Amino acid sequence: MKIATFNINGIKARIEALPRWLEAAKPDVVCLQEIKSVDEAFPREVLEDLGYRVETHGQKSFNGVAILSRLPLEDVTRGLPGDDTDEQARWIEATVIGEKAVRVCGLYLPNGNPAPGPKYDYKLAWMARMETRVRALLAEEMPVIFLGDYNVIPQAMDAAKPQAWVEDALYLPQSRAAFRRILNLGLTEVIRARNPAPGLYTFWDYQAGAWERNNGIRIDHLLASPQAADLVQDCGIDKDTRAGDKPSDHVPVWMTLDA
DNA sequence: ATGGTCGCAAGGCGA
């Protein structure tokens, strides 16, 4: 089972680049972030024609997540528990039925800038809610993965220019500590666990020639429960998509599971 | 220090 995360930065703008990548990479399951579309306007047919079922959790103009799957899905749920007043579409879950069942949580963690301020408070509160949800799922002792745009640079080695981020919500000590608290519940950060070297990035800003200068950051992550980590076969970052026509500013991150 | 680029959607916000 090949599972990927891809912040597409607008489904309407990526309606050619996304199928191009799907046909080349052939993932079984994809968690999308920043679809920037209400569910009714999501162009599902072009993806269904490629063999994917499409489950969206969108809103107008901003945020929005989705799961594409060539395998059967069960128990699709939308929204991160813990705050009934939260109207931002950033969380979707489904159980993928492969040879084994895997619970998949697709997430778009708040950016949090500017910090300090209400947006940063929302980010930290959201991460606390995520921690609660992770605890609940870990207690079920089944394979669970949490993949998406975390908007967290975990370590200095995850940025080409870490000094440029020291006052940014993606790299502030509180953000990194909250990410570590989630990891320390017992999750494996799959890309880093298998790649000890720096220089791996998943996002390059559209501005200031960031891609041409390889001024990137690694903020899209794959986290696996112990039972899911046991199944990991391979993982990677599809950096080449950033050089394609009309690219997203993020690239896909994927893993294969014996499931 | 500033401006630099996109997407959505139709002006400015978010990233």
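As a basis for the values below, the full set of heavy atoms in this structure was taken, side chains included, without hydrogen atoms, waters or symmetry mates. Below, read A as the first sequence line, B as the second, and so on, with proteins coming before strands; counting in each chain starts at 1. Since we're looking at a predicted model, the values are computed, not measured.
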Protein-proximity profile, nucleotides 7-15 of chain B, B/S/- by nucleotide at the 4.0 Å heavy-atom cutoff, equals BSS---BSS
Just list the side-chain donor-acceptor pairs under 3.5 Å for residues 23-31 of chain A, sequence neighbours left out, or say none.
{"unit_1": "A/K26", "atom_1": "NZ", "unit_2": "A/E23", "atom_2": "O", "d": "3.1"}
{"unit_1": "A/D28", "atom_1": "OD1", "unit_2": "A/R70", "atom_2": "NH2", "d": "3.4"}
{"unit_1": "A/D28", "atom_1": "OD2", "unit_2": "A/K2", "atom_2": "N", "d": "2.8"}

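- Between the side chains of A/D220 and A/T5, no donor-acceptor pair of N or O atoms lies under 3.5 Å.
- A/W254 shares a hydrophobic cluster with no other residue; no ILVMFWY side chain has heavy atoms under 4.5 Å from its own.
- For the C1' atoms, the distance from B/dG14 to B/dG4 is 16 Å, rounded to whole Å.
- Separation of the P atoms belonging to B/dG7 and B/dG3 is 22 Å when rounded to the nearest angstrom.
- Sorted by first then second residue, the ring pair (Phe, Tyr, Trp, His ring centres under 6.0 Å) pairs that include residues 20-74 of chain A, not counting sequence neighbours, are A/F6-A/W21.
- The same atom, P, is picked in B/dA9 and in B/dT5; the two are 22 Å apart, to the nearest Å.
- Scanning for salt bridge (charged side-chain N to carboxylate O under 4.0 Å, His left out) contacts around A/E48 gives A/R44, with sequence neighbours left out.
- When the P atom is compared between B/dC6 and B/dT2, the two are found 23 Å apart, to the nearest whole Å.
- Other members of the cluster containing A/Y150 are A/L80, A/W91, A/L107, A/L109, A/Y122, A/W126, A/M127, A/M130, A/V134, A/L137, A/L138, A/M142, A/V144, A/F146, A/V152, A/F179, A/I182, A/L183, A/L185, A/L187, A/L223, with ILVMFWY side chains joined at under 4.5 Å, either directly or via other members.
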